[in-house]
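Counting convention: from 1, in listed order, for ligands and their atoms alike. No hydrogens, no waters, no symmetry mates; every other heavy atom, side chains included, goes into these values.
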Amino acid sequence: MKIAFFSTKSYDKDFFEPYNHQQEVSFKYFNASLTKDTAALARGYDGICVFVNDHLDEETLQHLKEIGVRLVVLRCAGFNNVNLKAAEQLDIKVYRVPAYSPQAVAEHALALILTLNRKTHKAYNRVRDGNFSLDRLQGFNLQNKTIGVIGTGRIGASFCKIMKGFTDSILAFDKYENEKVSDMGVKYVDLDVLLEKSDIISLHCPLTPETKYLIDAASLRGIKKGCMLINTSRGALIHTGDAIEALKEGKLGYLGIDVYEQEEHLFFRDLSENIIQDDHIARLISFPNVLITAHQGFLTKEALQEIAKVTFQNILDFQEGKESENRVLK
Ligand code: NAI
């Protein structure tokens, strides 16, 4: 099977190359991200391998089908960027890597919390500059603080386990209770209770029509003043304009994000010499209490190894017509 690989980064190649030309599977790496305009690159390929910001809308999928593509392998867990209905109608099979390393993302959420709280990023820059003052570096103990976790699947559960090391007061909200999480002593509550009681809220649910703008002006009105909000899930869970207003008012005390609604125009590339046209991200960058990372939650050696291994297996399963749990559409 010939696979066209979109949005290739050097680390993708490092981890996928060992599988190239194995068991009749070959990869051709393209730097371009997938859009309706770049879909033509996949002519002559049986399948495509894509990442979070590659666009698989109806028009792109239709074009892919016309040029012979039968398979989409996502090298990520989320699949909100794929029009699944269109894929099904076109008989294009979609696979993903549901759980390459929940710990990688959960640990990154903790990194955002600790950095925002203890301001190690600022201390690092100060000390390098010969400034050993402690002014404005004060943080707070995580011990006994209330942590609210929205979405307690694989990543949310891993995050709860980590946070149990800091506090016994963890609240959760999910459509379905996860027994493993309740067994840790985490208490499931309604969303408004979680918003009201939590000192730190971390988002770990997928982006769906139901969860889009889960955090907006109305929900931000219900949070504790000074609350820290962490999003390592998908950008559009937060209404960015409303979050900016809440930060300006001081209602939202800290914001740590690894994902951003308009990230596809920014993330995964070096724009340091460009004029940033996105006023929302520019405003967010200007806040001293906002920390942004460019979708690197997954970026650990263990996660990348697992992504490559499972993606390769997904291609083999498709090739051999095997049943797979990783098929998004059965
Ligand atoms: P999962 O499917 O194991 O868990 C998601 C949980 O969210 C489930 O328990 C589900 O019941 C819950 N949920 C669904 N709709 C909900 C709603 N309306 N309200 C409350 N809870 C709801 O997914 P997993 O593996 O934990 O991943 C979570 C998300 O993390 C992914 O969807 C993806 O967007 C994001 N992610 C981010 C990465 C990064 O690099 N920053 C890497 C991998 C995933």
Nearest non-hydrogen protein atom, atom 30 (O) of ligand 1: Ser233 OG, 3.3 Å
Any N or O of Val259 closer than 3.5 Å to N or O of ligand 1: no
Within-cut-off N or O pair, Thr211 and ligand 1, under 3.5 Å: no
For atom 43 (C) of ligand 1, the protein heavy atom that lies nearest, with its residue and separation: Tyr100 OH, 3.0 Å
Contact check: Ala77 vs ligand 1, nitrogen or oxygen atoms, below 3.5 angstrom: no
N or O pair under 3.5 Å between Leu207 and ligand 1: no
Asn80 and ligand 1 - part of the residue with a heavy-atom distance under 4.0 Å: neither
Proximal atoms of ligand 1 relative to Val105 (non-hydrogen, under 4.0 Å): 38 (C), 42 (C), 43 (C)
Where ligand 1 meets Glu210 - atom numbers and elements under 4.0 angstrom, heavy-atom basis: 18 (N)
Electrostatic pair Asp57:Lys36 at N-O distance under 4.0 angstrom: no
Parallel, tilted or perpendicular, as decided by the 30° and 60° cut-offs, for the rings of Tyr260 and Phe267: tilted
Cluster check Leu114, Leu255: I/L/V/M/F/W/Y, side chain < 4.5 angstrom: no
N/O separation below 3.5 Å, Thr208 to ligand 1: no
Contact partition for His295 relative to ligand 1, non-hydrogen atoms under 4.0 Å: side chain
Single hit among Phe298, Phe5, Phe6 for ring-ring contact (aromatic ring centres under 6.0 Å, His included) with Phe51: Phe298
N or O contact, Tyr176 vs ligand 1, cut-off under 3.5 Å: no
Enumerated ligand 1 atoms positioned under 4.0 Å from heavy atoms of Gly151: 7 (O)
Atom 22 (C) of ligand 1 [closest protein heavy-atom partner, distance rounded to 0.1 Å]: Cys205 CB, 3.7 Å
Heavy atom of the protein closest to atom 10 (C) of ligand 1 (residue, atom name, distance): Asp174 OD1, 3.4 Å
For Thr152, atoms of ligand 1 separated by under 4.0 Å from a heavy atom: 9 (O)
Approximate separation, where rounding is to 0.5 Å, of Ile170 CD1 and Ile162 CD1: 10.0 Å
Interatomic distance, Phe173 atom CZ to Cys205 atom SG [nearest 0.5 angstrom]: 8.5 Å
Atoms in ligand 1 flagged as close to Phe173, the criterion being non-hydrogen separation under 4.0 Å: 19 (N), 20 (C)
Atom 3 (O) of ligand 1 [closest protein heavy-atom partner, distance rounded to 0.1 Å]: Arg154 N, 2.9 Å
Distance from atom 15 (N) of ligand 1 to nearest protein heavy atom, with residue and atom: Lys175 CD, 3.6 Å
Top protein contact for atom 14 (C) of ligand 1, by heavy-atom distance: Pro206 CD, 3.5 Å
Arg234-ligand 1 polar pair, N/O distance under 3.5 Å: yes
Subset of ligand 1 atoms that lie under 4.0 Å from at least one heavy atom of Phe298: 40 (O)
Spacing of Asn326 atom CG and Asp317 atom CG [to the nearest 0.5 Å]: 7.5 Å
NZ/NE/NH1/NH2 to OD/OE distance under 4.0 Å, Lys175 and Glu210: yes
Common cluster, Val259/Ile238, ILVMFWY with side-chain heavy-atom separation under 4.5 Å: no
Closest protein heavy atom to atom 26 (O) of ligand 1, given as residue, atom name and distance to 0.1 Å: Ile155 N, 2.8 Å
Arg43 charged N/C atom sitting above Tyr45 aromatic ring, 6.0 Å / 45°: no
Between Thr311 and Asn314: side-chain donor-acceptor atoms closer than 3.5 Å: no
Phe16 and Phe27 aromatic ring geometry - parallel, tilted or perpendicular at 30°/60° bounds: perpendicular
Among Thr35, Ile92, Val50, the one residue meeting side chain to side chain contact (heavy atoms under 4.5 Å, CB included) with Leu56: Val50
Sole candidate of Asp199, Asn117, Ile201 that passes side chain to side chain contact (heavy atoms under 4.5 Å, CB included) when paired with Met228: Asn117
Contact (N/O only, under 3.5 Å) between Thr232 and ligand 1: yes
